[in-house]
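These numbers come from a predicted model, not from an experiment. Convention: sequence-line order gives letters A, B, ...; per-chain numbering from 1.
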Amino acid sequence: MSESSPGKKSISAIKGTKDILPREARAWQQAENIAKNVFELYGYREIRAPVFEATELFEKGTGQTSDIVIKEMYTFTDKGGRSVTLRPEYTPSVVRAIIEHRLYLQPGPLRFYYIGPMFRYDKPQKGRYRQFHQIDIEVFGESDPAIDAEIVEMADYLLQELRISDTETLVNSVGCRKCRPAYIKELRTAAQAVAASLCADCQRKVTTNPLRIFDCKIETCGELARRFPEITAYLCAECDDHFRNFRAYLDLYGIPYRIEPRLVRGIDYYTKTTFEITTVKLGAQNAVVGGGRYDDMMKDFGGPDICGIGFAAGMERLLSVARLEKKPESFVFIAHLGSEAKKVALGIARDLRRQAVECLLEFKERGLKAQLGRASKLQASWSLIIGEEEIKKGQFLLKNMKTGVQREVRLEDIPDLVRTESRQD
RNA sequence: GUGAGUGUAGCUCAACUGGUUAGAGCAUCGGACUGUGGAUCCGAAGGCUGGGGGUUCGAGACCCCUCACUCACCCCA
């Protein structure tokens, strides 16, 4: 168990990572398929980028003052002396790929999705892991606030398809490079005035990033922050207009939301729209979806001046509250009696599999009782019994394990029988 | 990084105020049972009680250290 045990040491999964065992993997596949289907309906296409990138990509993209970059990255030097980082989020990678492959030359707007592992050196707790998985979507080259609303609506639909209820959608605008500085200045002076009453952390934020004071959960800080100026009152005409229209489109879709002027995403690049979808069922880590607009990133990376927007959803969190339907599994267990029957059974198994019928058989020669017991324990839907008589007749016994009814069938009838009858269950 | 809680078989849990060789159920494997399953009965295997140190005649239990897990802070998906 532990590394310090002297004798037999057993190796276990790294802290904050976990194995997804077959039972659970089934649910993952289902959720991934649902997500892919939803995204494709909205015109999104999959893009796959490497799990590790130049460290610089995240320093520039995610931001030097974000906690993710400051203390949560898996960064190491490879054998060529390069500093590389296991991606803590996906957006910078996509932006990099678009610039690198000049994808912006294709007719826009560009819509991408991706599902895969991300890495952050956090202390694990409920809904938070060091290797976790995100569903991520990004849109480039669409500045109309209708897209902001459309991706929220799409996220909403995704949650619906996953049968996740009791969610709340929070929206905000964090302004742009034109209006935010003025607001930050006001905010900073307001914070400075009461700095002595703020917690140590928040006192530091006054100079580094006063927006983050809003995130503080200490009551006294919250009390004080409530009297701070709110960004929504300081938006420039363009940002204000964008925010107003964004909300109008949400209303058009009939999506309920709450304006949360203190909603501050911890990633530096956001501009204008930010949003988050939370659920009460998750404990402290209650955000299942989070995202926003990042109009300057492409330009900042030396690409063309193309705006971007996207969101990420945490797979582990989604799965812990999703109510997926259990898909019935159906397979045929082949029981064989005698060495001749075993040979026949092997061939039949192969033929059935070629016809998309899942089947299983044990190689050990045992009594019929034992084999049916096995089938039953493995929860086979059907058993196919093959003995001397059956081989002679060219007819085999197909037994429905649920009803116990069995009948003589010819080999070529099995695929249809198995499929139609299992659909009726 | 900080704090709290919990560590006994694959899983769920026992073991009195410290007292023989740490038990049970479920699961696993074998047998009863070589042409009809889920049952039943019998049996087997499975543990350095997370690890190390200490107190004691004696520790699964008490003390210290450590590791892991869980939850919360923080941060976020």
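For B:G47 and B:A9, the C1' atoms lie 6 Å apart once the distance is rounded to whole Å. Look at the C1' atom in both B:A59 and B:U8: the space between them is 14 Å, to the nearest Å. Across B:C71 and B:A32, the matching C1' atoms stand 50 Å from one another, rounded to whole Å. Atom name C1', nucleotides B:C26 and B:U6: the rounded distance is 23 Å, in whole Å. Distance check on atom C1': B:A22 versus B:C13 gives 13 Å, rounded to whole Å. Spacing of C1' atoms, B:U21 relative to B:A68, comes out at 30 Å, to the nearest Å. For the P atoms, the distance from B:G25 to B:G43 is 11 Å, rounded to whole Å. Using P as the reference atom, B:C41 and B:A24 are 15 Å apart when rounded to the nearest Å.
If you take CZ of A:Phe333 and C1' of B:G35, they are 15 Å apart, rounded to a whole angstrom. When the C1' atom of B:C29 is taken as reference, atom CZ of A:Arg366 falls 10 Å away, rounded to whole Å. Whole-Å rounding puts the A:Ile70 CD1 to B:C74 P distance at 16 Å. Between the NZ atom of A:Lys281 and the C1' atom of B:A77 there is a distance of 18 Å, given to the nearest Å. A:Phe119 has its CZ atom 20 Å from the P atom of B:C76, to the nearest Å. Whole-Å rounding puts the A:Leu282 CG to B:A77 P distance at 14 Å. The OH-C1' distance, from A:Tyr269 to B:C76, rounds to 12 Å in whole Å. In this structure, A:Asp19 atom CG and B:G10 atom P are separated by 16 Å, rounded to whole Å.
Sequence neighbours left out, the pairs with a member in residues 23-44 of chain A that pass ring-ring contact (aromatic ring centres under 6.0 Å, His included) are A:Trp28-A:His133, A:Phe39-A:Tyr113. Each side chain to side chain donor-acceptor pair (under 3.5 Å) pair with one or both residues in residues 335-349 of chain A, not counting sequence neighbours, would appear here, but there are none.
Classified by interplanar angle (parallel below 30°, tilted 30° to 60°, perpendicular above 60°), the ring pair A:Phe119/A:Tyr74 is perpendicular.
Within the nucleic acid shown, A:Glu365 has no heavy atom closer than 4.0 Å to any nucleic acid atom. When heavy atoms are screened at a 4.0 angstrom cut-off, A:Ile135 is found touching no nucleic acid atom at all. If you check every strand for non-hydrogen atoms under 4.0 Å, A:Lys126 touches sugar and phosphate atoms only. Within the nucleic acid shown, A:Gly290 comes within 4.0 Å of sugar-phosphate atoms alone, with no base atom in reach, counting heavy atoms only. The residue A:Tyr129 sits close to a base: some heavy atom pair falls under 4.0 Å. Residue contacts for A:Gly283: at a heavy-atom cut-off of 4.0 Å it reaches the sugar-phosphate backbone alone, with no base atom in range. Using a 4.0 Å heavy-atom distance criterion, A:Asp67 is classed as a sugar-phosphate-only contact. Residue-level contact check: A:Leu397 touches the bases, meaning some heavy atom is under 4.0 Å from a base atom. Heavy atoms of A:Arg374 sit under 4.0 angstrom from primed sugar atoms or phosphate atoms, though from no base atom. The residue A:Ala375 sits apart from the nucleic acid: no heavy atom pair falls under 4.0 Å. At a threshold of 4.0 angstrom between heavy atoms, the contacts of A:Glu388 include nucleobase atoms, whether or not backbone atoms are also involved. Residue contacts shown for A:Lys15 are limited to sugar-phosphate atoms, with no base heavy atom under 4.0 Å away.
Taking NZ from A:Lys272 and CG from A:Leu235, the interatomic distance works out to 10.0 Å, rounded to the nearest 0.5 Å. Taking CZ from A:Arg374 and CG from A:Leu360, the interatomic distance works out to 9.5 Å, rounded to the nearest 0.5 Å.
Electrostatic pairing of A:Lys364 and A:Glu362 does not count as a salt bridge here, judged by no charged N lying under 4.0 Å from a carboxylate O.
A donor N or O paired with an acceptor N or O is not found under 3.5 Å between the base of B:C75 and the side-chain atoms of A:Arg120. With hydrogens and angles left out, the side chain of A:Arg317 and the base of B:C76 share a donor-acceptor pair within 3.5 Å. Contact annotation: side chain of A:Lys399 to base of B:U36, donor-acceptor pair present below 3.5 Å. Side-chain N/O atoms of A:Gln371 and base N/O atoms of B:G35 include no donor-acceptor pair closer than 3.5 Å. Counting atom types as modelled, A:Arg128 pairs no side-chain N or O with a base atom of B:C71 as donor and acceptor under 3.5 Å.
If you check B:U36, B:G30, B:C76 against the side chain of A:Lys369, the one that comes closest is B:U36. Here B:G35 is the nucleotide among B:C74, B:C76, B:G35 with the atom lying nearest to any side-chain atom of A:Glu389. Closest to the side chain of A:Ile385, from the set B:U36, B:G37, B:C75, is B:U36.
Defined by atom type and a distance below 3.5 Å, a donor-acceptor pair is missing between the side-chain atoms of A:Glu53 and A:Thr85. Counting only N and O atoms by type, the side chains of A:Asp148 and A:Thr273 include a donor and acceptor under 3.5 Å apart. Using a 3.5 Å distance cut-off with no hydrogens or angles, the side chains of A:Thr167 and A:Thr279 do not pair a donor with an acceptor. A:Thr65 and A:Asp268 are linked by a side-chain donor-acceptor pair at a separation below 3.5 angstrom, with hydrogens and angles left out of the test. Inspection of the A:Glu138 and A:Tyr294 side chains reveals an N or O donor paired with an N or O acceptor under 3.5 Å.
The nearest heavy atom of RNA chain B to A:Tyr270 and to A:Gly16 marks one nucleotide each, and the one closer to the 5' end goes with A:Gly16. Residues A:Ile277 and A:Ala380 each lie close to RNA chain B; by heavy-atom proximity, the contact nearer the 5' end of the strand is made by A:Ala380.
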Using Watson-Crick and G-U wobble pairs with both distances under 3.5 Å, what is the 5'-to-3' dot-bracket string of RNA chain B, with [ ] for crossing pairs and | for pairs outside the strand?
(((((((..((((.....[...)))).(((((.......))))).....(((((..]....))))))))))))....
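For B:C71, the OP1/OP2 oxygens have no side-chain nitrogen or oxygen of A:Gln125 closer than 4.0 Å. Dashed line: the shortest gap from a side-chain N or O of A:Lys123 to OP1 or OP2 of B:G1 is not under 4.0 Å.
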